[in-house]
Undergrad: 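Before we start, here is the structure in question, set down as structure tokens.
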Amino acid sequence: MPGPYVIRGSVVLPDAELMWRFSRSSGPGGQHVNTSDTQVELRFDVAGTDALPPVWKERALERLADRLVDGVVSVRASEHRSQWRNRETAAVRLAGLLAEATAPPPRPRKATRIPRGINERRLREKKQRSDTKRGRSGQGWGT
């Protein structure tokens with residue numbers, strides 16, 4: 001497998017901590033499906049790893065709480081007929097998931113005022129639209 005799978009910066013998924021499991025995949029593939037273990041399940045112990053900095057680990061445990069089973073995150077891939085390609089897909093998916101989970105929180109939005117000219121233009125356009133619609137009512141035509 002082409003390694004190392006970068007999470008972010010210089011932090012990579014350690015090969016020694018990845019747990020692979022293979023099984024038969026469903027879907028197209030004819031008789032090949034019945035004989036090959038092409039589906040891949042990749043598991044990574046987020047709670048027990050030393051590969052992630054402590055702050056990242058806390059973030060990942062918090063954000064992935066609904067996906068974790070005993071501190072272990074699991075990713076499954078079975079799109080391809082080849083086990084090798086499914087391994088690649090699962091590893092890339094896991095690295096992306098961890099990168100998203102360990103990302104720093106977004107900066108809080110800085111409140112700004114709406115410029116007076118924009119507000120005045122909006123009110124002027126609303127007034128014009130109102131006058132246009134009032135003119136369509138047909139009142140005052142019969143007298």
Side-chain angles (χ1 to χ4, degrees), residues 1-30 32-33 36-143:
M1 272 182 34
Y5 294 100
V6 177
I7 296 174
R8 233 184 30 252
S10 62
V11 179
V12 296
L13 279 175
D15 289 334
E17 295 183 24
L18 299 178
M19 296 167 274
W20 300 93
R21 194 169 133 224
F22 308 102
S23 59
R24 296 211 172 115
S25 183
S26 62
H32 174 74
V33 164
S36 303
D37 292 338
T38 56
Q39 179 172 290
V40 173
E41 183 181 354
L42 176 58
R43 296 163 47 94
F44 181 69
D45 187 2
V46 178
T49 188
D50 291 327
L52 298 175
V55 176
W56 288 19
K57 190 191 247 184
E58 287 175 29
R59 269 190 222 146
L61 288 171
E62 182 183 318
R63 292 180 184 170
L64 296 174
D66 56 336
R67 286 193 65 154
L68 295 176
V69 178
D70 296 331
V72 177
V73 67
S74 177
V75 175
R76 185 172 286 161
S78 63
E79 294 84 42
H80 307 289
R81 287 187 59 185
S82 156
Q83 184 189 99
W84 185 82
R85 288 182 68 193
N86 282 331
R87 285 174 70 131
E88 284 291 306
T89 303
V92 168
R93 206 177 284 165
L94 178 63
L97 183 70
L98 289 172
E100 190 176 314
T102 59
R107 288 185 184 157
R109 183 184 174 275
K110 184 177 170 185
T112 58
R113 279 187 58 237
I114 298 172
R116 200 171 107 211
I118 290 177
N119 211 21
E120 288 175 356
R121 184 176 69 217
R122 180 183 62 85
L123 294 173
R124 188 172 53 248
E125 289 171 358
K126 278 181 71 165
K127 181 73 173 153
Q128 288 173 349
R129 185 80 180 141
S130 170
D131 292 342
T132 301
K133 288 188 171 191
R134 192 178 307 118
R136 293 177 185 159
S137 67
Q139 290 184 2
W141 286 79
T143 56

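Being a predicted model, the structure only gives us computed values, none of them experimental.
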Undergrad: Which heavy atom of T102 sits nearest to which heavy atom of A60, and what is that distance?
TA: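 Smallest heavy-atom distance, with atoms named: CG2-CB, 3.9 Å.
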Undergrad: Please tell me if the side chains of W20 and L42 come closer than 4.5 Å, counting only heavy atoms from C-beta onward.
TA: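 Answer yes - side chains close enough.
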Undergrad: Heavy atoms only: give me the nearest A91-L13 pair and the separation to one decimal.
TA: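 Here A91 and L13 meet closest at O-CD1, 3.9 Å.
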Undergrad: Of all heavy-atom pairs between D66 and R63, which one has the smallest distance, and what is that distance?
TA: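 Shortest heavy-atom separation between D66 and R63 comes out as OD1-O, 3.9 Å.
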Undergrad: Who are the salt bridge (Lys or Arg N to Asp or Glu O under 4.0 Å) partners of R76, not counting sequence neighbours?
TA: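 Here the qualifying residues are E41.
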Undergrad: Does a sphere of radius 6.0 Å around CD in E79 hold more than 12 heavy atoms from other residues, nucleotides or ligands, not counting ones at 6.0 Å or beyond?
TA: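 Atom CD in E79 is crowded, with more than 12 foreign heavy atoms closer than 6.0 Å.
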Undergrad: Around atom CG of D131, are there more than 12 heavy atoms of other residues, nucleotides or ligands at under 6.0 Å?
TA: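 Count over threshold, so yes.
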Undergrad: Are there more than 12 heavy atoms of other residues, nucleotides or ligands under 6.0 Å from atom CD1 of I114?
TA: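 Check fails, neighbour count at 12 or below.
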Undergrad: In chain order, what residues pass the side-chain hydrogen bond (donor to acceptor under 3.5 Å, both in side chains) check against R67, with sequence neighbours excluded?
TA: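 With sequence neighbours excluded, R67 shows a side-chain hydrogen bond (donor to acceptor under 3.5 Å, both in side chains) to no residue whatsoever.
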Undergrad: Tell me the closest heavy-atom pair linking D50 and K57, and the distance in Å.
TA: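 Reported closest heavy-atom pair: OD1-NZ, 4.4 Å.
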Undergrad: For Q128, is there any backbone N or O sitting under 3.5 Å from a side-chain donor or acceptor partner on T132?
TA: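 Yes; judged by distance alone, with no hydrogens or angles, the pair exists.
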Undergrad: So, does T89 use its side chain to make a donor-acceptor pair with the main chain of R85 at under 3.5 Å?
TA: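 Yes, because the side chain of T89 sits within donor-acceptor range (under 3.5 Å) of the backbone of R85.
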Undergrad: Does any N or O in the side chain of R43 come within less than 3.5 Å of the main-chain N or O of M19, such that one atom is a donor and the other an acceptor?
TA: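 Absent.
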Undergrad: Minimum heavy-atom separation for P104 and R8, please, with both atom names.
TA: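 Heavy-atom minimum between the residues: CD-NH2, 3.9 Å.
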Undergrad: State whether the side chain of S137 and the backbone N or O of R134 hold a donor-acceptor pair below 3.5 Å, judged by distance alone.
TA: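 Looks like yes, one N/O pair under 3.5 Å.
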Undergrad: Please find the pair of heavy atoms, one from I7 and one from A99, that lie closest to each other, and give the distance.
TA: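 The pair with the smallest heavy-atom distance is O-CB, 3.3 Å.
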Undergrad: List for me each residue that meets salt bridge (Lys or Arg N to Asp or Glu O under 4.0 Å) alongside R122, sequence neighbours excluded, and say none if there are none.
TA: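 With sequence neighbours excluded, R122 shows a salt bridge (Lys or Arg N to Asp or Glu O under 4.0 Å) to no residue whatsoever.
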